[in-house]
Amino acid sequence: LKVLGTMGFSVFAYAYLPQNMALNLLGITGNVMTIFMFGGPLTAIRTVVREQNTRALNLGFTCIVNLNCVLWFFYAYFMLDDPYI
């Protein structure tokens, strides 16, 4: 349901808003979603600090998020010549 909502929002922005406004709106939305994605595991920090054990952190999620960041960096650096994407 969340995926359909995101897709609907994107289609609406693309179809009904001027291009510049749609790009800005989608970019800001993507940034906010990314902040929430990276902020999600921070809720486990209290447990990690209290128990002094990283068992509360999801290793798979951590590895995939780091791989995602590395791939985006290399894409931006080599394909777009912009390491700050």
Side-chain angles (χ1 to χ4, degrees):
L1 187 62
K2 292 177 186 178
V3 173
L4 291 176
T6 303
M7 288 174 53
F9 175 74
S10 299
V11 169
F12 169 79
Y14 177 76
Y16 295 106
L17 296 176
Q19 182 180 7
N20 192 27
M21 184 182 289
L23 290 175
N24 284 333
L25 182 63
L26 292 173
I28 290 170
T29 302
N31 285 334
V32 168
M33 291 172 70
T34 301
I35 289 169
F36 282 121
M37 180 186 76
F38 282 109
L42 293 178
T43 58
I45 294 298
R46 175 187 281 172
T47 305
V48 169
V49 170
R50 184 178 46 220
E51 296 178 4
Q52 296 181 350
N53 190 343
T54 59
R55 190 176 10 184
L57 294 176
N58 187 338
L59 179 63
F61 177 79
T62 303
C63 291
I64 294 298
V65 166
N66 282 307
L67 176 65
N68 180 41
C69 291
V70 169
L71 291 175
W72 271 112
F73 168 78
F74 282 114
Y75 170 74
Y77 188 78
F78 290 112
M79 302 301 282
L80 303 178
D81 195 29
D82 181 10
Y84 299 109
I85 191 166

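Index from 1, following the sequence.
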Kindly write out the residues that satisfy side chain to side chain donor-acceptor pair (under 3.5 Å) with Asn24, not counting sequence neighbours, or none if the list is empty.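 Not a single residue meets the side chain to side chain donor-acceptor pair (under 3.5 Å) criterion with Asn24.
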What closest approach, in Å, do Ala22 and Ala13 show between heavy atoms, and which atom pair accounts for it?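 That would be CB-O, 3.2 Å.
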Contact list for residues 16-52, test ring pair (Phe, Tyr, Trp, His ring centres under 6.0 Å), sequence neighbours left out: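 Every ring pair (Phe, Tyr, Trp, His ring centres under 6.0 Å) pair that includes a residue of residues 16-52, provided the two are not neighbours, is Phe12-Tyr16.
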Approximate separation, where rounding is to 0.5 Å, of Phe74 CZ and Met79 CE: 14.0 Å
Side-chain heavy atoms under 4.5 angstrom apart, residues restricted to Ile, Leu, Val, Met, Phe, Trp, Tyr: same cluster for Val70 and Phe73?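 Yes: a chain of side-chain contacts under 4.5 Å links Val70 to Phe73.
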Show me, pair by pair, the donor-acceptor contacts under 3.5 angstrom made by side chains of residues 49-62, not counting sequence neighbours?
from  : atom 1 : to    : atom 2 : distance (Å)
Asn53 : OD1    : Arg55 : N      : 3.1
Asn58 : OD1    : Gly60 : N      : 3.1
Asn58 : OD1    : Phe61 : N      : 3.4
Thr62 : OG1    : Asn58 : O      : 2.9

Less than 4.5 Å apart, side chain to side chain, heavy atoms only: is that true for Leu71 and Tyr75?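 No, too far: nothing below the 4.5 Å cut-off.
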Hydrophobic cluster of Leu26, others only, ordered by chain and residue number, side-chain cut-off 4.5 Å: Phe9, Leu17, Met21, Leu25
Cluster partners of Val3, using ILVMFWY side-chain heavy atoms under 4.5 angstrom, listed by chain and number? Met7
